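A quick write-up on the structure given underneath.
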Amino acid sequence: MNTHYEKSLQLFDRASKVAPGGIYGHMSPAACLPGASPYYAVRGEGCRYWDVDGHEYIDFMCGYGPVILGYNHPEVDEAAAKQRELGNCFNHPTERFVELVERLVSLVDFADWGVLAKNGGDVTTWAIQVAREHTKRKKIIRLKGSYHGVDPWCTPGHGGLIEEDREHIHHFAWNDLTAFQGLVERYRGEIAGLIISPWHHPVFADSDFGAPGFLIGLERICRAEGIVLISDDIRGGFRLNIGGSHEEFGYTPDIVCFCKALGNGYPISAALGTDALRVAASKVFLTGSYWNSAVPMAAALKTLEILERDNVIAKIKQTGQRLSDGLVKIGEKHGHSIKPSGPPSVPFYRLTEEKNFLRQQQWCAEAMQRGAFLHPHHNWFICAAHTDADIDAGLQIADDALAACVKQWD
Ligand SMILES: Cc1ncc(COP(=O)(O)O)c(C=O)c1O
């Protein structure tokens, strides 16, 4: 047994007896080296967290994205606590709901209305229903390798699905505008919606920006064919542009979906859309036991205020660039090239010499043992609490970790 993570492994053992798979979904350790990373967290502060074995990490995952200002952000937590004193879950929404939707509508250039939910998948699935309701068409087009949640139409898992779940879902490859055009010609008049991410961010592969003309080309075809264009900005939302990543990449969707960074860790998601879709949006039933909870809405309002006030997005782009430049240099120094891809505030890193991610797993595991949480096959996330000193400390660990690996490999 790896005694470094003794308590983590014990807890995992206990969990496996009462929860199928022990830890499920994207946090499952199944795709990583067995026992080579922490499995359970205890507390967080700023850009750091501590695991159950008492180890401290400079965190480059930020809770897989939600933490944009830092763990336990005092102002966000204070806003949430203030609302909690008044109450969280009522028979009705609170004024926070109206304030938050108003705020989001004012931030997103094309939006005339918004709705709030809890998770990203709530709103991506709802958005495709709105597209179907609006167009009275069945088909949804999406990108190969994209991720939109775990509902049957899009889950990357295989269990529990029936063929009919995907009967009207069609795929094409990122940057292949001709393939999209081909689908449109083949299914002319049957396509309700196209759902895209602002850039391609698969796991176990480099991120990819749209080639010149790709995203705008998709938008043009959608407009000409009456296809609802949905931008799934769950992952990048509020890390590239306060108005949505579509602004950064120069296209205009009909619906945009946000989640992750919106509440700095408090559970909240949103979809925003155009007037043309308002009637359809009002007809697609939307609710959940906790969807009107006021505490996450208060947290989201404060998060948005701080994002603007402190110019957070510009800062995390710079911080991310510092990390990226540093990692590239570390790769060069050790003769094992590290390739960055995607935006610096939501970057993906890969050791270019291998295809199977084994060395990448070893490198990240060595870094974790030394106090930096680097993810081997998912993109990382930068937050406002990462100072230059934190980045430099993380780089030093990444450097030491790679040096330790190179001793074994070369
Ligand atoms: C691009 C994208 N869409 C949708 C989702 C689903 O969000 P959630 O896990 O909150 O349901 C995610 C989650 O990682 C995501 O990255």
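All heavy atoms count here, side chains included; hydrogens, waters and symmetry mates do not. Every value quoted in this text rests on a predicted model; they were computed, and no experiment measured them. Order of appearance sets the numbers: ligands from 1, and atoms from 1 within every ligand.
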Open item on the list: Over 60° means perpendicular and under 30° means parallel, so tell me whether Phe110 and His246 are parallel, tilted or perpendicular.
Closed with: perpendicular

Task: All pairs passing salt bridge (charged side-chain N to carboxylate O under 4.0 Å, His left out) where residues 139-159 contributes a residue, at least two apart - done: none

TODO: Please step through side chain to side chain contact (heavy atoms under 4.5 Å, CB included) for the pair Tyr71 and Asp59, ending with a clear verdict.
DONE: CA-CA 10 Å; Tyr71 291 100; Asp59 186 11; 2.5 Å; yes

Task: From CA spacing to verdict: side chain to side chain contact (heavy atoms under 4.5 Å, CB included), Phe238, Asp233 - done: CA-CA 9 Å; Phe238 309 110; Asp233 207 3; over 6 Å; no

Open item on the list: At less than 4.0 angstrom from any atom of ligand 1, which residues have a non-hydrogen atom? List them by chain and residue number.
Closed with: Asn119, Gly120, Gly121, Tyr147, His148, Gly149, His201, Asp232, Ile234, Arg235, Cys259, Lys260

Open item on the list: With side chain to side chain contact (heavy atoms under 4.5 Å, CB included) as the criterion, how do Leu116 and Trp291 come out once you've worked through the C-alpha distance, each side chain's angles and the decisive distance to 0.1 Å?
Closed with: CA-CA 7 Å; Leu116 304 178; Trp291 287 17; over 6 Å; no

Task: Student check: side-chain heavy atoms of Ile227 and Val184 closer than 4.5 Å - done: yes

